[in-house]
**Q** 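The structure that follows is given in the form of structure tokens.
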Amino acid sequence: MDVSHLIDGLNAAQREAVSAAPGHLLVLAGAGSGKTRVLTQRVAWLVEVEGVWPHAILAVTFTNKAAAEMRGRCERLLNRPTQGLWIGTFHGLAHRLLRLHWREAGLLETFQILDADDQQRLIKRVISEQGLDDTRFVARQGTWMINAWKDEGKRPRDIDPGDNPDLARWIEVYQGYEASCQRQGLVDFAELLLRSHELWLTQPALLDHYRRRFSHLLVDEFQDTNTIQYAWIRMLAGSSAQVFAVGDDDQSIYSWRGARVANMQAYTRDFPNVSTIRLEQNYRSTGTILAAANAVIKRNSERLGKELWTAAGNGEPISIYAAYNEQDEARYVVERIRRAVAEDIRPSEIAILYRANALSRVFEEELIRHGVAYRVYGGLRFFERAEIKDALAYLRLLANPADDAAFERVVATPPRGVGDKTLEDLRQAARSGGVSLLQTAAEASREGTLKGRARGGIEALLSLFASLRESADGDESPRLYERLEGLIEGSGLRAHYAAQSKHDADSRVDNLDELISMARGFVLSADDEAAGISEMAAFLSYAALESGEGQGEAWDDCVQLMTLHAAKGLEFPCVFMVGMEDGLFPSQRAIDEGGSAQLEEERRLAYVGITRARRQLTLSHAESRRLRGMETWNRPSRFISELPRNTIVEVRPRAQLSRGGNFGQPRKQPTQDWGDEPGIALGSQVSHAQFGEGVVVAAEGQGDHARVQVNFEDVGSKWLVLAYANLVVLG
DNA sequence: TCTCTTACGTTTTTT
DNA sequence: ACGTAAGAGA
């Protein structure tokens, strides 16, 4: 058989991985080393060369985007649809298992997926139902703990509160939350995994079935697996399946949400004869960029060890820009972008990366000012928008009348005269009767226990549902989008948001229309159809599992703005890492508490950032920065000083010095301390609100840019922008 | 019950 | 600075 198309163009290590003999394999794939290619060609190799039935292969990733890309590439390689081949995210595959075996898993057939928002709302409800003080028991924290427990595979009974009474209460909240989910047929993200793991644990016959079926498991981004995901893989693999794990410990940046790099070591221990292959040749970046990345990551102690190299040349040095403040930083970056675009670099080939979302704003403003098209990643996703969740809540309640979370949403928007009082009565009655809110509302309406406006509102709602259900049962059952359209009109949602948007000026109504057109274009997959899942149920799951706007679609031709986390897996010819300041990146938290583990994770994040760049990399920091309404003064990030000297070039703004004399007109109106003072002379004694007293030793720049170097008694020498520093001249 | 005002808490995020 | 989430008047 001719296997050259699976092997040609690969380097030795890649080829070794793709064509590895049967057995377990750990591929340590450095950034830009062709990981996805190896993974997909391995699948093709298994099918075409080893003669493995596609049916017997399961490939798992973390994001829908990665799964889609893998499926697409496999189909192209194998030249046929990947029928029977399970490719998906951990959550997607777990969800499929639960849909197929809902009865064995102890779920309602109509179970729905609870998103993060609904989850927190529900936990809050449980906290108040248990009569806990919600200032001491904060829902956000509870959500975080419960998710962490689930990620570790722990049920309430597995947690020992010791002699910590708060912890004991939290365990009760967890219990209450579980009971509530169970009653309503709701499953949160972590539950998908935990529940499917338990499904196998408690149903040996089922487990056996899947173990017989899947002889080959492939896992992408192995460094990001958490405890339950690893256990899931291990359980499915048993002692027969071959596991092909690909990961990079240097790119592990999600430990704060339960990811355990240690799973990579555990894998080599828990499975017999795991061979390790390192992919170290990089096809993305210049030699300079790789030298910088290698030097930075080398400072971490907990590493499996790996050093990237390239056959390409060194390329340009890395630029470091020391800005006066965040405005100056934005000005510089956008100026550079405009210059690059003028030199025929496409805007979509340029990325601005930052540690925290809050940093994006200045850059957006500056980009707008210069009419540069840009796109910000992150933030609210389509299916998380309030108006979309409202519309979907109607659908959810239609699909699963026990879904109280959906009922609460539905009853509150649009306002229909049903307020806290009525709702609390309904909850009481529902709890004591052990039935759903919807059912309780129907009973209350029948018995006439509702009064005033509330009665009209509830009755209108009930009749809306009756008519929606009736039309579904008719001979000509409406398509999903028609039902959605009907409910958006009939409920008054559209009118409600239309009325709101008059002053909001945003396009909530347009989003509702977009949702309808998404429903119109929605196609039930063959897998779902085979599993007997309705169009509506499938659409709702899709909405929950694929949060909308496929991450990484470089829309039009826009400059890309995103966090360093969001940039993982992407690459850009031209990258700006901004806000490179101690306290921001590495974050203050990592500096203060973490000890070295957190700092090492920040360093890996820096490594991820650096390795996103193909040709041009620029790092910038600002001496002063307005953040959260407060002026802060940060030192350049320690990661900048970890770059080898020969890889960087420091860009300085052209300084217009006026030495010796007076300089630096305060910006805007002079401050009180300043009065009509002509300026500050070298050698002046000055005082700063934060740094204390010091002597002016140098100065440069004019107007907004005027800066002085002050030697402070306590904190040493610093450059300060006069317009912002509010220095008081002493004596 | 709805709407307006005040207080709070602010890494990173997928599913 | 800013957006959300809980509390007070209409």
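Letters A, B, ... are given to chains in the order of the sequence lines, protein chains preceding strands, and every chain is numbered from 1.
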**Q** Run the ring-ring contact (aromatic ring centres under 6.0 Å, His included) test on A/Y254 and A/H565 for me, step by step, so that the C-alpha distance in whole Å, both residues' side-chain angles and the decisive distance to 0.1 Å come before the verdict.
**A** CA-CA 9 Å; A/Y254 285 112; A/H565 282 90; 5.3 Å; yes
**Q** Nearest-Å distance, CD (A/Q120) to C1' (C/dT4)?
**A** 11 Å
**Q** For A/H91 and B/dT13, give me the distance from atom NE2 to atom P, rounded to whole Å.
**A** 17 Å
**Q** Compare the minimum distances between each of B/dT15, B/dT11, B/dT14 and the side chain of A/R381, then state the nucleotide with the smallest one.
**A** B/dT14
**Q** From B/dT1, B/dT11, B/dT15, pick the nucleotide closest to the side chain of A/T422?
**A** B/dT1
**Q** Would you say the side-chain atoms of A/Q560 and A/Y377 include a donor-acceptor pair closer than 3.5 Å?
**A** yes
**Q** Would you call A/K35 and A/D220 a salt bridge, taking side-chain N to carboxylate O under 4.0 Å as the test?
**A** yes
**Q** At a heavy-atom distance below 4.0 Å, what parts of residues 355-365 of chain A sit against DNA chain B?
**A** A/R355, A/A356, A/N357
**Q** Quickly work out the A/L599 CG to B/dT11 P distance and round it to whole Å.
**A** 17 Å
**Q** Assign A/R416 to base, sugar-phosphate, or nothing according to its heavy-atom contacts below 4.0 angstrom with the strands shown.
**A** sugar-phosphate
**Q** I'd like a table of atom pairs between the protein and nucleotides 3-10 of chain B - only N or O on both sides, under 3.5 Å - with the distance next to each one.
**A**
| from | atom 1 | to | atom 2 | distance (Å) |
| --- | --- | --- | --- | --- |
| B/dT10 | OP2 | A/R140 | NH2 | 3.0 |

**Q** In whole Å, I'd like the distance from the CG atom of A/L353 to the C1' atom of B/dT12.
**A** 13 Å
**Q** What I want to check is whether the side chains of A/T413 and A/D390 have a donor and an acceptor closer together than 3.5 Å.
**A** yes
**Q** Charged N to carboxylate O below 4.0 Å: is that the case for A/D582 and A/R638?
**A** yes
**Q** May I have the distance from A/D134 (atom CG) to C/dT4 (atom P), rounded to whole angstrom?
**A** 20 Å
**Q** Once you round it to whole Å, what is the distance between C1' of B/dT15 and CD of A/E546?
**A** 10 Å
**Q** Would you call A/R369 and A/E366 a salt bridge, taking side-chain N to carboxylate O under 4.0 Å as the test?
**A** yes
**Q** In whole Å, what is the span from the CG atom of A/D115 to the C1' atom of B/dT13?
**A** 13 Å
**Q** Can you check whether A/N64 has a side-chain N or O nearer than 4.0 Å to OP1 or OP2 of B/dT15?
**A** yes
**Q** Name the nucleic acid region contacted by A/D224, choosing base, sugar-phosphate or nothing; use a 4.0 angstrom heavy-atom cut-off, strictly under.
**A** nothing
**Q** Can A/W256 be classed as stacking with the base of B/dT12, given a centroid separation cut-off of 5.5 Å and a plane angle cut-off of 30°?
**A** yes
**Q** I'd like to know if A/R626 pairs up with A/E326 as an ion pair, taking the criterion as any Lys NZ or Arg NE/NH1/NH2 lying under 4.0 Å from an Asp or Glu carboxylate oxygen.
**A** no
**Q** Looking only at side-chain N and O atoms, does A/T563 come under 4.0 Å of OP1 or OP2 in B/dT13?
**A** yes
**Q** Between B/dT11 atom P and A/F585 atom CZ, what is the distance in whole Å?
**A** 16 Å
**Q** Let me check I have this right: for DNA chain B, each base becomes ., (, ), [, ] or |, based on Watson-Crick or G-U pairs with both distances under 3.5 Å. What is the full string?
**A** ||||||||||.....
**Q** When you check the gap from the basic side-chain N to the acidic O, do A/R260 and A/D224 get nearer than 4.0 Å?
**A** no
**Q** Can we say A/E600 and A/R603 salt-bridge, meaning some charged N sits less than 4.0 Å from an Asp/Glu carboxylate O?
**A** no
**Q** Taking A/E623 first and then A/R635, would you say they form a salt bridge - that is, a charged N and a carboxylate O separated by under 4.0 Å?
**A** no
**Q** Do A/Y607 and A/Q251 have side-chain N/O donor and acceptor atoms under 3.5 Å apart?
**A** no
**Q** Compute whether any side-chain donor of one residue and acceptor of the other, for A/S620 and A/E329, lie under 3.5 angstrom apart.
**A** yes
